[in-house]
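Written below as C-alpha cells is the structure these notes are about.
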Amino acid sequence: MAEYAAPAAVEIVADQAKEYASPYLRYFFRYGEIVEDFKNQREALELKKERVKIRVDEAERQNELIHKDVDNWLTSAEKELKETQNLKDEIDRVKCFKWCPKWGWRYSLSKKLAEKIPIISKLLETSNFAQVGYRRPLQGIEFIRSTDFMHSKSSKSAFNQIMEAINAKGVNMIGLQGMPGVGKTTLAKEVGKHAREQKFFDKVVMFTMSQNADINKIQDKVADIFGLKFETSSQEGKAKELFRSMQRVKKILVIVDDLWEEFKLEDIGIPFGDDHKGCKILLTTRQQQVCSKMKCQKEIQLGILSKDEAWVLFRDKAGLEDDCSTLNDVAKEVAAECKGLPLAIVVVAKALKGESLNGWRDANQRFKDSTHLYDEEVLGGVLEPLKLSYDYLKKGINQMTGINDIQFCFLLCSLFPEDEEIDIEILIMCGIGVGLFPNFYSIEDKRKKIVEALKKLQKSGLLLETDGADTIRIHDVIRDFAHWLTSTGENRFMVKDTLKEWPHMDESYTAIALWNCSSIINIFPDKVEFSKLKTLFLEGERKRNRDDFLVVLGTFFEEMKALQVLLLKRVSFSLKGFPSLPNLKTLRCYDCMLKNFSSSLTNMRSLEILALIATEIDEISEELVKLSALKYLRLSGVGVEREMNIPPNLVSRLTSLQELHVIPKNNLNLLELKSLSRLTALSLRLSANQIPLEDFMFPKLQRYDIVGQYYSSDQEAFRRLAIQDFSSSLSAFNNLFCNVEALSLRNVGGQKNIVPSMDEMGVNELTSLQLKSCNDMEFLIDTKKDQGSTVAFSNLVELIIESMASLKGLCYGVSPTRFLQNLKEVIIKDCEELQVIFQIDKLSEKMKCQTPLLSNLTILRLHSLPKLKRIWEVKPSHRAIASLQSLKVVSIESCDNLKTIFSPCLALSMLHLQQLYISYCDRLEQVIGFGQEDEIIENDSSLCCWPKLRILRIEFCRNLKYVCANTWTQGLQSLESVYIRHCSQLIQVFNMEQNKHGQDIVLPELGSQNHCWTKLKTLRIEDCQLLKYLFANTLSQGFPLLESIYLKNCPQLLQVFSSTEERDVIDDHILLNVPFLKNLEVSNCPQISCFIIQAQLIEDLVLSNVGNSRQLCNTDVPVLNEGCIVVGNQEEVFQVQGGYSFSTIKLLELRNLFEVRVIWNDFAQIVTLENLTTLTLSGCNKLRYIFSPMMARSLSHLVDLFIEWCEEIERLILAKDQVSSSSSNGDTSLQPMSFPNLKRIVVINCKNLNSLFPFGFVPVLPKLETLIVTRNSKLEQVFELEEKVEVVAEEEMKFDKLEWLSLEKLPGLIHFCPKGYHFVFPAMIELEVRDCPKLATGFFIDSQEFVHCKTKLVEQVAVEESTTVQNAIFNENIDWSRGGGESQLPHIT
C-alpha cells in the first residue's frame, strides 16, 4: 500500500484528535478506510445487480411481468453504478500523486465517497427478492396492438367524448353507434388501451356479443381476466361468482362490442349501477335503438373518414410509396370508391397490396363497372358484416315483394344515384307504389310506416342522415352491398349511371334505374320485354339545353304490364302517349314533356299517386276523373302558364283523393274541397280573394301547407299557414289553428291578439310564429278574462316580429301555464310602441312550478325598438323561475330607451352565452344593471358569469359606462374577440372599482385572482374618451393566443395590462408575452403607461401619439433574452436581443412619437426586414436615422415608404462610417444597395435630411412609381453615390416604372441624380419641380416623350458641356404632364 505511505504520519494525529475534532476531519484522516469501504461496497453492488438482472431476464422469457419494486431497484442500482464510476476513476487519479497528494482534492473526494457508501449499503440490504416476476394476467381484449386505429377527425371527436363520459360522475353506460365497418370496434379497443395505460381502471375487459352469443364462453373469458376459477358449471352459478369477484375490484371498464339488442349484463355476472358504481360499460352497436334500450346516459356517433384521411389509411394498408405517382393516381380512385368507410378501405387495400399497375387499373375498372361485387377477395370482408345487419331486419315477409318491408325500403334507396341525397317524399311514393305496408290503407299511415322504416335503417347504420330532415343518404359501399344483394334472386335490380349506350339486359329484372341517359343514346329500343319489371326510373341527361330531352317512344312501355312505379326525369314522349299500364300505382314526372297525356290516363286505371312537377302537358282535363283510385295528386309548375288553370268541378269529383298538392298560383274553387271527405293533406298557394267570405272552412287536416301567393319558400312544411294581405275574418282557418306548427301573418288586419281571437286553445302545437305589419295586433295573448289557467304557446320555438305598429307586449295579463317554455329564437324589429318584452313579474302560481321561463332561449335579436325600456321585468320573488341558461347569441341594435340589458340574477344564469352584440343604444348605461335596488343580489361583487362568451362587440353607445361592473373576469375565460368603439362615456370594461372617495382603483388586493385570457385573439378598443383601464390583475403570460391589439383614440386610457406579480413587471414596465401577436396598433392614447411586448410573429405595428402626455419612460429598458417592442413614451421602439431579427414585420407605422431617437439599436447587425412592405414615419421629431446599411439591404419586399415631419432625421440609411467597427459582421459594401420592390416614396417636412438613397452600380429602385419630396430644407441630394469615385464615363440609368415625380420647396437641393449619371423615365406621366433654386439637375424630353435628367458638371468649362445639358431646364419651376398640351420641357434629339 505504497500509495498511502505519505499520509501515515498524519493518521496518528488523527487517532489522537478524533474525540475532539469535527466529523469533517475524518475526510482528511480516514481517507484510506473510506476508499477501501467504497470499493468493496461498489463491487458487491455490481455483482448483486448482475444476479438480479439475470433473474429478471429469465422471468421475461417466461412471459412474466416484473414486480415494480424490482424494476425500481434495478434502475436505482444502475444509476448509482453509473454515477460512482466517475468517483472510481478519480481514486485512480489520486493514486498517481503517491506520497505528495493534493489535500484539497483528497478532502473533496473523500467526502463524496462517504456520502455514497450508505446509499450503496441500502441498495444491498434491499436486494434479496424472493421472486422478481409474476404470471401475466390475461387481458381478454385485443387492444394490445390496435394498429388499425386511424386518428381521424370523427374518431378523435368520438374518442374524446368517450373519455369524457368515462371520467364523468354518474355515467355508467356509454353507447358508441355507427354504420357497419366504420371502425367502432377499433375505436373501442383504442379506448381500452388508453384507459389501461393511463391507469384509469384497475381492470379493462372486452368481449363481443354476436347475435347468437355463447354466454358461457364470455363468462369464462371474463373470469380468466379476473383470475377466477369457477366452482360451478351452470350459467347462473358462474354469473353469481363473477358478480361477487368483480365487486371486489374498485374500478372496472367493460367494453361490450357489437351488441345487437337489449341484453341484461347481470346474466353474465357484470355488476354496474347501484351494484357497482365503479364499473363503467362501453357498448358498441350498429343500431341507435340499442343505445336507448340499454339506457345509455351518453350516446356517441362515429362517422366516416374524410377524403384525405381515407387516402392516408388506404396508402398505409396497401403499402404504397409516395414516389410512385402513376400507381398512386389509380389507387386514389380506388380509395375514393370506398367512400371513407374504414372497413372497406382496409379490406380493399389489403386485397390489392402488391398488385401491379395493370392489376390496380383492372380493380379500378371493376369498381366502376360494379363487377367488384362478385369478387369475394376484394369485398368479401365488407359483405359479411353488412349482410348481418341486413338479415337482422327480417321480421314478417311482405307477400307482394317477397321480403321484409324495411329491407325493401333499403333496397329502394340503392336505386338512386351515387352520393345523392334522396328525397323521402319520393321514397314514400315508390314504397306505396310497390305495395309496402299493405295492412295500412291511408297514405298518411303508409307514410308514417315508411318514415319509421327509414329511421330504423338509419339507426341500424345502413342509411345516413343529411343536413335536411326531408332527405336521406346511403353510403356508397353500402349501396354496392345492396346491388350485390339484388344481383340474384327474386328481386333483381339494375342501376346504371351516365348511360350512353343501351345496356344488355334480360327480362328477369324487377327494378331498373337508368340515370343521366344521353339524349343521343345509341340503339335506344322502341320496345323492350320486361314481364317482371315493377319499378323503372328513367332520367335524361343532366347537362343539357332546356329543350334537349331524352326522347322515348310510348311503345317502349308496352311489354311492362307488371310495372307499378314509374319515375321519369327530363324525358319526352311521342304523340302516342302512354300504352296500357294496368298495374301502375305511382307515376312521378319531373321536368318532362308529355304530349297527349290526358288521353293516356285511361290506360292507368290503377294509378294511386300522380305527381307532375315542372312538366309540360297538353292540359289538366276532365280525364283525371277516370282515375277512380287516385289518392295522391301533386301539380307543380305544370304547363307553360304562370297560373294553373283547373277546370271547374274537377277536384270535387276526385272523391278518393287523400292528398292534394297544388303548388303554383291557381284558380281552384275552395268550396270543392267540401266533397273530398277523405282529404288529409293539402298544399295550396292562394290569394285572399280565393277564400269564400261565407260558409267556408278548411277541413281538419293532418298535414297542410297553405301560403299566400307572394309567400317565398323553397320547401314545403308539415303544417304551415302563411296568410297575407287579409283584412276580413279568419274563420275559414279555424280547423287549422288548433294544430298549426308554422304560422305567418303578414299585413293581416282586425286581430288584436292570436289567443283567444284566433284560437282559444292556445296554439300549443305552434313551433314557428312570424308576424309582420299586422298593425291592429297589440299582444300575442290576452289573459285578462282567464287568470292564467290557459296553456298557450307551450311549444313555440321561433318568434319573429317585424313592423308591428301597435304591439305593446307579448302577454296582456298573467302569463299562462308553460308560456314560451320551449322558445329558442326571438327576433323583433321596428315595433315602435313596444316597451317591455318579457314580463316575468306577471306569472300564475302554476307557472312557478314549471320549467324556468326562457330556459331554452338560444338566440335573441332586437332591432329598432325606440320605446323599449326593459327586455325583461323580473321581480325578486320570481328569480328562481326565470333562467337564460341556454342563451348563446344576443344582438341589440337601435334601442334608444334601453338603460340596461340584463339583470344580475339573469346574468348569473347565462352560462352558455357565446356572442354579445350591442350597437346604437344611446341611453344604455350598463350591460348588467346593478343599479336597481330590487335586483341587487348577495355577494354581487364576486359575480362570475358568461364562461363561454367568445365575442363581445359594443358600438355607438354614447352613455354606456360599464360593460361588466362588479364582475370579475374569470367568468369570461372563453373570450376570443373584444370590440368596443364609440362609447364616449365608457369608464370600465373589466375589473375596476372605486374607493370611498370615488377614485378609480385597479383592485390591488386581488392577489390570487390574477388570471389568464387563454383564448383571446382580438382586442379592439376605439373612441372611448373616458376609458382608463382595460385589463386589471392579468398575468403577462395571460394572452397566449392573442393575435391582434387595436387601441385608438382613448385619451384617458392609463393602463391596458397590469399585474401584481413581480415576474410580470420589469423596472416598472409591464411585460406582455404574446407569442402569436401579429397586429398591434396603439394610436392617440397620450396617457397610456409604458408596457413591453414580446411578439416574435408581429406583422403589423402602428404606434401613434402613445404616452406623450406622460413622463419619458426609463430609457434604460432592461435587457431581455429575446427581442421586444416598447410601447409608450420612450427613446427606442425595438429592443434587439437574442438573435431575434423582427423579420416577420410587414407594416410599420410610427406617428407623433416625440421622444423616439432610435427605432432599433442594431449593434449586432442582426435585424432583417425581408417581409416589410410598408413603412410610415410621421412626427418622430428626435429620430436621426432609420436603417443600418445591413438592415437596408434586407428590404427586398418594401413597397411603400412615407416619411413626414421628422425634423431631426439626417439620413434614411446610416452611412458606413457611422457604423462602429465593433458592430460590423462583414463588409457591407460587398453587396450593392437596392430596393427591388419599392413603388411609392413620400418624404415631406424633414428639415435636417441631407440625402435620400445611396446609389450604386445596380438599379436602386427598379419598380419605383411615385416619388414625392417636399419641404425638406437641407436636402442636397436625392440619390447619393455609395462610394466617392471619379466619373470616367457617363452612366445611364432607367427608371422604367416611375410615373410621378414631385420636387417642391427644396431650397438646398443641388443634385437629383449624381454627377456623371443620366436618368431616363420612359413611363413618366407627371413631373413637378417647384422652388428648388440650387438644383443643378436638368430635365428634358426626347422624341419619344421619355423624360431625361442630368446633373451639371460644375467644374467643367461651359464650352465642354454637351448640348443636351445646355438646353435642359435647371432651377426653374416645372409642371409637366404627358399629353397636357404644349410641353414646358425642351426636346433633345
Side-chain angles (χ1 to χ4, degrees), residues 37-91 112-147 149 151 159 163 166-167 188-206 221-229 245-255 278-280 282:
D37 191 12
F38 169 77
K39 290 171 68 177
N40 292 337
Q41 294 274 20
R42 188 178 184 281
E43 186 177 355
L45 181 62
E46 274 188 307
L47 295 172
K48 194 68 177 178
K49 192 217 61 162
E50 288 301 321
R51 287 196 291 271
V52 173
K53 187 69 171 62
I54 290 170
R55 295 177 63 191
V56 166
D57 291 344
E58 179 61 27
E60 288 178 340
R61 278 195 295 272
Q62 298 298 324
N63 200 31
E64 292 184 359
L65 290 176
I66 306 305
H67 288 295
K68 191 173 182 179
D69 58 340
V70 177
D71 259 339
N72 291 342
W73 186 90
L74 271 176
T75 302
S76 299
E78 288 171 353
K79 178 185 174 186
E80 288 303 321
L81 289 171
K82 184 177 180 180
E83 290 180 356
T84 56
Q85 180 63 44
N86 294 331
L87 296 177
K88 185 173 179 295
D89 296 341
E90 203 168 340
I91 292 170
K112 292 177 184 175
L113 298 176
E115 290 171 349
K116 284 293 183 183
I117 289 170
I119 297 174
I120 297 174
S121 297
K122 185 70 174 176
L123 283 170
L124 290 170
E125 289 173 9
T126 58
S127 64
N128 297 315
F129 302 108
Q131 60 184 68
V132 296
Y134 59 97
R135 180 173 172 265
R136 186 185 299 270
L138 291 174
Q139 297 302 322
I141 55 179
E142 298 80 8
F143 55 69
I144 306 303
R145 299 188 305 261
S146 58
T147 55
F149 183 65
H151 288 277
F159 179 87
M163 297 311 301
I166 281 175
N167 293 313
K189 289 178 182 179
E190 189 68 18
V191 168
K193 176 183 175 184
H194 183 75
R196 195 186 63 199
E197 288 176 347
Q198 298 299 317
K199 302 189 186 304
F200 293 152
F201 297 92
D202 302 312
K203 292 285 184 182
V204 180
V205 185
M206 183 172 182
K221 183 175 183 178
V222 176
D224 281 341
I225 295 168
F226 284 88
L228 174 66
K229 292 185 177 180
S245 178
M246 292 180 71
Q247 280 186 317
R248 289 193 287 270
V249 180
K250 189 175 181 181
K251 297 180 73 177
I252 305 170
L253 174 62
V254 178
I255 301 174
C279 183
K280 305 264 185 172
L282 170 62

For Ile225 against Val204, the heavy-atom pair lying closest together: CG2-O, 4.5 Å
Minimum heavy-atom distance between Val70 and Val52, given as atom pair plus value: CG1-CG1, 4.1 Å
Glu83 atom CD: more than 12 heavy-atom contacts under 6.0 Å: yes
Worked verdict on His67 versus Phe129 for side chain to side chain contact (heavy atoms under 4.5 Å, CB included): CA-CA 10 Å; His67 288 295; Phe129 302 108; over 6 Å; no
Audit row: Val249, Phe201, side chain to side chain contact (heavy atoms under 4.5 Å, CB included) steps and yes/no: CA-CA 9 Å; Val249 180; Phe201 297 92; over 6 Å; no
Donor-acceptor contact present, side-chain Lys251 to main-chain Phe200, <3.5 Å: yes
Straight-line distance of Lys116 NZ to Ile119 CD1, nearest 0.5 Å: 4.5 Å
NZ-CG distance between Lys39 and Asp37, expressed to the nearest 0.5 angstrom: 12.0 Å
Stepwise side chain to side chain contact (heavy atoms under 4.5 Å, CB included) test for Ile252 and Asp202: CA-CA 6 Å; Ile252 305 170; Asp202 302 312; 5.9 Å; no
Over all atoms of both residues, closest heavy-atom pair of Ala188 and Ile255: O-CD1, 3.4 Å
Residue pairs fulfilling salt bridge (charged side-chain N to carboxylate O under 4.0 Å, His left out) with at least one residue in residues 47-56, sequence neighbours excluded: Lys53-Asp57
Validation row: Lys82, Gln85 side chains within 4.5 angstrom (heavy atoms): no
Closest heavy-atom pair and its distance - Leu123, Ala77: CD1-CA, 4.0 Å
From Leu81 atom CG to Ile120 atom CD1, the distance as rounded to the nearest 0.5 Å: 7.0 Å
Thr84 side, atom OG1; Leu45 side, atom CG - distance, nearest 0.5 Å: 7.5 Å
Short side-chain to backbone donor-acceptor contact, Lys203 and Phe226, under 3.5 Å: no
Audit row: Arg42, Glu46, salt bridge (charged side-chain N to carboxylate O under 4.0 Å, His left out) steps and yes/no: CA-CA 6 Å; Arg42 188 178 184 281; Glu46 274 188 307; 3.6 Å; yes
Distance in Å, Trp73 CH2 paired with Glu78 CD, rounded so as to fall on 0.5 Å steps: 9.0 Å
Over all atoms of both residues, closest heavy-atom pair of Val254 and Cys279: CG2-SG, 3.9 Å
Approximate separation, where rounding is to 0.5 Å, of Met163 CE and Gln198 CD: 7.5 Å
Stepwise side chain to side chain contact (heavy atoms under 4.5 Å, CB included) test for Ile166 and Val191: CA-CA 10 Å; Ile166 281 175; Val191 168; 3.7 Å; yes
